[in-house]
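Data block below; observations after.
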Amino acid sequence: MQKIISYNVAGLRARIPLVQRLMDEEAPDFLLLQEIKVTNETLPFSAFKGIPYHLSFIGQKSFNGVAVFSKQAPDEIITALPDLKEEIPQARFIEARFQNRLSVISVYVPNGNPPEKDPADTTRFNYKLDWMATLTRYIGRLIDEGRSFIIGGDFNVIAQDSDVYNPDAYRQNALMLPPVRQAFQTFAQTGVVNTLRHMTQQEHLYSFWDFQSGAWRKNNGMLLDYIFVSPDLKAEITDCRILKPYRGFDKPSDHVPVCCVLK
């Protein structure tokens with residue numbers, strides 16, 4: 001059995017107790033983190049001293065950053081999305097490769113909304129679409145190569161109306177504009193398996209509640225976080241669940257972990 005957990009921590013240093021609790025209570029084989037917001041110089045290595053995990057990460061000061069904790073040391077680490085052209089590199093992709101031809105990938109897909117001071121600026125939105133298209137091509141290549149993989153993270157997409165508490169409030173948001181939804185659907189059409197939707201079609205399952213406006217108390221949430229697996233691993237999926245209680249713990253992230261189990 002293998003357990004995989006993906007968690008957008010919204011700042012690793014602030015979420016150390018929750019990550020430690022997650023490791024102790026769930027004992028995942030792989031823990032994928034997003035928005036760690038630390039660099040090699042500021043990552044709190046001492047907090048994880050003595051744990052039975054190898055840490056692979058790519059950080060960025062103050063924002064972004066992704067990581068993979070694995071019980072086995074990877075043979076190769078890829079710290080940028082292959083073939084992505086960007087003027088200023090952003091730490092949004094990491095792939096840990098293992099001897100058994102398994103890749104474990106953590107992603108933090110761009111949000112895509114414009115700066116508040118310039119709502120007409122489409123630079124971030126175009127970057128998001130390009131990022132998603134590049135990821136889709138890369139995943140398609142892994143499938144063509146016959147490589148097994150697990151990919152989890154914050155995809156920053158509201159895939160369907162029932163994945164958000166009030167869809168009409170987000171019609172013009174980059175999380176659910178038609179080109180973004182289409183890009184997410186194109187990604188799904190590569191053959192990857194959405195482990196959550198493989199297990200349940202239940203509506204109004206959320207993995208994110210904003211820190212503002214009492215969103216958690218009102219259950220004003222949205223589903224942004226997923227774990228996908230390669231087609232050859234579909235028959236191995238035995239469970240996928242959202243660890244909702246983590247949003248109610250002390251000093252939480254605005255996201256909660258998503259957990260998938262393979263037999």
Side-chain angles (χ1 to χ4, degrees), residues 5-11 14-15 18 33-35 37 63-64 92 107-129 131-133 135-136 152-189 192 194-228 240-260:
I5 294 179
S6 179
Y7 188 19
N8 180 327
V9 293
R15 240 59 70 187
L18 287 184
L33 302 182
Q34 302 85 42
E35 266 198 287
K37 298 182 180 180
F63 60 103
N64 298 333
R92 296 181 175 275
V107 297
Y108 177 43
V109 176
N111 178 284
N113 280 304
E116 291 185 10
K117 295 181 180 179
D118 190 3
D121 186 352
T122 61
T123 303
R124 294 180 181 177
F125 186 70
N126 293 335
Y127 174 67
K128 177 175 188 171
L129 293 180
W131 205 99
M132 294 178 73
L135 178 66
T136 297
D154 177 358
F155 282 78
N156 266 320
V157 176
I158 300 171
Q160 54 192 25
D161 284 6
S162 60
D163 291 339
V164 62
Y165 71 97
N166 181 3
D168 289 337
Y170 288 85
R171 297 291 178 198
Q172 301 305 312
N173 192 290
L175 297 178
M176 62 181 287
L177 283 170
V180 171
R181 283 183 159 179
Q182 180 57 55
F184 190 70
Q185 184 176 354
T186 301
F187 172 77
Q189 288 171 343
V192 295
N194 183 332
T195 60
L196 180 65
R197 290 311 181 194
H198 178 73
M199 297 302 301
T200 178
Q201 294 300 317
Q202 181 181 338
E203 297 183 340
H204 304 294
L205 289 173
Y206 304 141
S207 64
F208 169 91
W209 295 261
D210 199 288
F211 287 129
Q212 308 299 321
S213 305
W216 169 243
R217 177 175 53 82
K218 299 173 184 176
N219 197 31
N220 289 348
M222 58 186 73
L223 180 61
L224 302 177
D225 304 87
Y226 294 95
I227 297 173
F228 293 86
C240 187
R241 55 198 167 93
I242 296 172
L243 305 182
K244 187 175 179 179
Y246 276 77
R247 186 61 175 81
F249 293 158
D250 188 41
K251 296 181 179 179
S253 168
D254 43 7
H255 294 253
V256 295
V258 177
C259 176
C260 169

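When reading the values below, keep in mind they use all heavy atoms of this one structure, side chains included, and skip hydrogens, waters and symmetry mates. Predicted model, so just to flag it, every value in this text is computed and none were measured. For the single chain, residues carry numbers from 1 onward in sequence order.
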(request) Give a yes or no on whether the backbone of Cys240 and the side-chain of Thr195 come within a donor-acceptor separation of less than 3.5 Å. (result) no
(request) Indicate whether the side chain of Trp209 and that of Asn219 have a donor and an acceptor atom separated by less than 3.5 Å. (result) yes
(message) Can you confirm whether Phe187 sits close enough to Met132 that some side-chain heavy atom of one is under 4.5 Å from a side-chain heavy atom of the other?
(response) no
(request) For Asn113 and Ala174, indicate whether the former's side chain and the latter's backbone hold a donor-acceptor pair under 3.5 Å. (result) yes
(message) Using every non-hydrogen atom in the two residues, find where Tyr7 and Ser253 come nearest and quote the distance to one decimal.
(response) OH-CB, 3.9 Å
(message) Does any part of the side chain of Phe125, heavy atoms only, come nearer than 4.5 Å to the side chain of Val180, both counted from C-beta?
(response) yes
(message) I'd like to know if Asp118 pairs up with Arg124 as an ion pair, taking the criterion as any Lys NZ or Arg NE/NH1/NH2 lying under 4.0 Å from an Asp or Glu carboxylate oxygen.
(response) no
(message) Minimum heavy-atom separation for Leu129 and Pro179, please, with both atom names.
(response) CD2-O, 3.7 Å
(message) Does this structure show an ion pair linking Arg92 with Asp154, if we count only N-O contacts that are shorter than 4.0 Å?
(response) no
(message) Is the shortest side-chain heavy-atom distance between Asn220 and Asn166 below 4.5 Å?
(response) no
(message) One thing to verify: whether Asp210 and Lys218 come together as a salt bridge, which I'm taking to mean a side-chain N less than 4.0 angstrom from a carboxylate O.
(response) no
(request) Might you point out which heavy atoms bring Thr136 and Ala183 nearest each other, and give the distance in Å? (result) OG1-O, 4.3 Å
(message) Treating Arg181 as the side-chain partner and Leu175 as the backbone partner, does any N or O pair qualify as donor plus acceptor under 3.5 Å?
(response) no
(message) Is the shortest side-chain heavy-atom distance between Asp163 and Met176 below 4.5 Å?
(response) no
(request) Please work out which of the three classes, parallel, tilted or perpendicular, describes the rings of Phe184 and Phe155, given edges at 30° and 60°. (result) perpendicular
(message) Treating Ser6 as the side-chain partner and Val258 as the backbone partner, does any N or O pair qualify as donor plus acceptor under 3.5 Å?
(response) no
(message) With a 3.5 Å distance limit and no angle check, can you tell me whether Gln34 reaches the backbone of Asn8 through a side-chain donor-acceptor pair?
(response) yes
(message) Which residue is it: Asn156, Leu205, Ile158? I am looking for the one with a side chain to side chain contact (heavy atoms under 4.5 Å, CB included) to Met222.
(response) Ile158
(request) Determine yes or no for a side-chain-to-main-chain donor-acceptor pair under 3.5 angstrom, with Arg15 supplying the side chain and Pro252 the backbone. (result) yes
(request) Determine whether more than 12 heavy atoms belonging to other residues, nucleotides or ligands lie under 6.0 Å from atom CD of Gln189. (result) yes
